[in-house]
**Q** 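The structure's right below; bear with me while I get my questions together.
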Protein chains: 2
Amino acid sequence: MNISAASKAAGLPAKTVRYYADIGLVPAPARSESGYRSYDDASVRKLAFVRRAREFGFSIAECRELLGLYEDRQRSSADVKRIATRRLDEIALKQKELQSLHDELAHLVDACRGDDRPDCPIIDGLGKSTR
Amino acid sequence: MNISAASKAAGLPAKTVRYYADIGLVPAPARSESGYRSYDDASVRKLAFVRRAREFGFSIAECRELLGLYEDRQRSSADVKRIATRRLDEIALKQKELQSLHDELAHLVDACRGDDRPDCPIIDGLGKSTR
DNA sequence: CCTAGTCTTTCCAGTTACTGGAAGGTCAAG
DNA sequence: CTTGACCTTCCAGTAACTGGAAAGACTAGG
């Protein structure tokens, strides 16, 4: 499988696939005689695993950790749960922040007539410091 | 006012205050004889305005736009409302994504015993492609 | 067999929004 | 007069890619 087929199968841009090998996140793939990278199903699964983990917001460093656990037949699921739970806490925090952001901004937008007059509650609201 | 007083008043790190002038987001401040930057209340207000806008998730480019409107006595509040509403839509989208992320991950964590056995639903769940 | 078009390669640079750190000048207190 | 806190500039690094140029490889059509 050449890089574009593999990248399609994994759901990642080819550039990113190369990049992940460059930084050693995944092992460098075998090469054809002419130098083309060639991928098998196992590498594609690993790449897709990383894509999913990235979509879950895990950093590259965390993906490295998770991939290690993914490959380690001896790993305990406690390790994985610890990492995932931390991530879950972060997500919850982000949700709260986003909610108050949304509420504040929505309030400002509501208060704005949106006409051609220079008087604007949004601008005024942004100007008011919360600190 | 020297930079550290101004940065404290605006709620930004001094490095960031310098940076904002470097990229021309805010005008370069006056200098003392010895070369120290000196700020007045108006500049601090502008910096705080940017901080708030950044906290709302506006990009530097959008802040530039908003600052322009902030300073333009002729601007219509329709312009501002347009930008803020777009941002609000983005926030709502982000919230939805975060929610499904949270649900999926929470489901995996729930299904995980978190013991020392190598069998782990989180790892398995990440491995399963959604595409 | 040639050619056009699509892959693929490497490498370098740019993105976003800062942040860290070194080397050195300035200022106020004791 | 020396210490220590501030200030300056400049260079480099971060995260995680993304874009693009230049050049080699492969495939199908004529």
Side-chain angles (χ1 to χ4, degrees), chain A residues 1-40 43-44 46-67 83 86-87 90 94 97 101, chain B residues 1-40 43-44 46-67 87 90 94 97 101:
Chain A
M1 221 189 309
N2 280 349
I3 196 165
S4 65
S7 73
K8 255 161 220 144
L12 287 169
K15 275 258 176 192
T16 304
V17 171
R18 281 192 205 97
Y19 173 72
Y20 283 166
D22 283 352
I23 62 171
L25 177 59
V26 297
R31 299 295 184 116
S32 76
E33 247 175 80
S34 55
Y36 283 21
R37 289 166 178 82
S38 80
Y39 297 85
D40 55 12
S43 337
V44 169
K46 222 178 280 186
L47 286 166
F49 175 88
V50 173
R51 173 180 58 77
R52 287 277 292 163
R54 292 286 299 129
E55 282 170 4
F56 273 102
F58 292 99
S59 70
I60 294 287
E62 285 169 325
C63 287
R64 233 178 262 272
E65 235 182 315
L66 286 171
L67 261 184
I83 297 175
R86 198 169 60 206
R87 185 87 261 278
E90 285 163 20
K94 193 96 193 164
E97 283 171 9
L101 218 60
Chain B
M1 219 189 310
N2 281 348
I3 197 166
S4 65
S7 73
K8 255 162 220 146
L12 287 169
K15 275 259 175 189
T16 304
V17 171
R18 281 193 206 98
Y19 173 73
Y20 284 165
D22 284 352
I23 62 171
L25 177 59
V26 298
R31 298 295 184 117
S32 75
E33 248 174 80
S34 55
Y36 284 21
R37 287 167 179 82
S38 80
Y39 297 86
D40 55 12
S43 337
V44 169
K46 221 178 281 185
L47 286 165
F49 176 88
V50 173
R51 172 179 60 76
R52 286 278 290 163
R54 292 285 299 128
E55 283 169 2
F56 274 102
F58 292 99
S59 71
I60 294 287
E62 283 169 327
C63 286
R64 234 179 261 271
E65 235 182 315
L66 286 172
L67 262 184
R87 186 86 262 280
E90 286 164 19
K94 192 95 195 164
E97 283 170 9
L101 218 60

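Please read these numbers as outputs of a predicted model, since none were measured by experiment.
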**Q** Rounded to whole Å, how long is the line connecting atom CG of Leu25(B) with atom C1' of dT16(C)?
**A** 13 Å

**Q** A side-chain contact here means heavy atoms from C-beta on lying under 4.5 Å apart; do Leu25(B) and Arg64(B) qualify?
**A** yes

**Q** Are any of Ser34(A)'s side-chain N or O atoms less than 4.0 Å away from OP1 or OP2 of dC26(D)?
**A** yes

**Q** Compare the minimum distances between each of dT9(C), dC7(D), dA16(D) and the side chain of Ser59(A), then state the nucleotide with the smallest one.
**A** dA16(D)

**Q** Counting side-chain heavy atoms from CB outward, which of dT26(C), dA17(C), dC26(D) is closest to Tyr19(B)?
**A** dA17(C)

**Q** I need the CG-C1' distance between Asp22(A) and dC17(D), as an integer number of Å.
**A** 11 Å

**Q** For Ile23(B), which contact category applies under a 4.0 Å heavy-atom criterion: base, sugar-phosphate, or nothing?
**A** nothing

**Q** Just how far, in rounded Å, is P of dA16(D) from CD of Glu55(A)?
**A** 15 Å

**Q** If you pin Pro13(A) and Lys15(B) to their nearest nucleotides in DNA chain D, which one's is more 5'?
**A** Lys15(B)

**Q** Examine distances only and state if a side-chain atom of Asn2(A) and a backbone atom of Ala5(A) form a donor-acceptor pair shorter than 3.5 Å.
**A** no

**Q** Looking at side-chain heavy atoms only, is the closest gap between Phe58(A) and Val50(A) below 4.5 Å?
**A** no

**Q** Measure from the side-chain heavy atoms of Tyr36(A) and tell me the nearest of dG20(C), dA17(C), dC7(C).
**A** dC7(C)

**Q** For the pair made of CD in Glu33(B) and P in dC7(D), what is the distance, rounded to whole Å?
**A** 18 Å

**Q** Heavy atoms, side chains only, cut-off 4.5 Å: are Arg54(A) and Arg51(A) in contact?
**A** no

**Q** Using side-chain heavy atoms (C-beta onward) and a distance below 4.5 Å, is Leu47(A) in contact with Thr16(A)?
**A** no

**Q** Can you check the Ile60(A) CD1 to dT18(D) P distance for me, whole Å?
**A** 11 Å

**Q** What is the nucleic acid contact for Arg18(A), judged by heavy atoms within less than 4.0 Å: base, sugar-phosphate only, or nothing?
**A** base

**Q** Output the rounded distance in Å from OH (Tyr20(B)) to P (dC18(C)).
**A** 4 Å

**Q** Round to the nearest Å and state the distance from Arg31(A) atom CZ to dA25(D) atom C1'.
**A** 14 Å

**Q** Just N and O in the side chain of Arg51(A): are any of them under 4.0 Å from OP1 or OP2 of dA16(D)?
**A** no

**Q** Could you work out which one of dT9(C), dT18(D), dT9(D) sits closest to the side chain of Arg37(A)?
**A** dT9(C)

**Q** Taking only the side-chain heavy atoms of Ile3(B) (C-beta and beyond), determine which of dT8(D), dT19(C), dG20(C) contains the nearest atom.
**A** dT8(D)

**Q** With the side chain of Ser4(A) defined as its heavy atoms from C-beta on, choose the nearest nucleotide among dT18(D), dT26(C), dC7(C).
**A** dC7(C)

**Q** From the list dT18(D), dA17(C), dT8(C), which nucleotide is the closest neighbour of the side chain of Thr16(A)?
**A** dT18(D)

**Q** Nearest to the side chain of Arg54(A), which nucleotide is it out of dA17(C), dC7(D), dC17(D)?
**A** dC17(D)

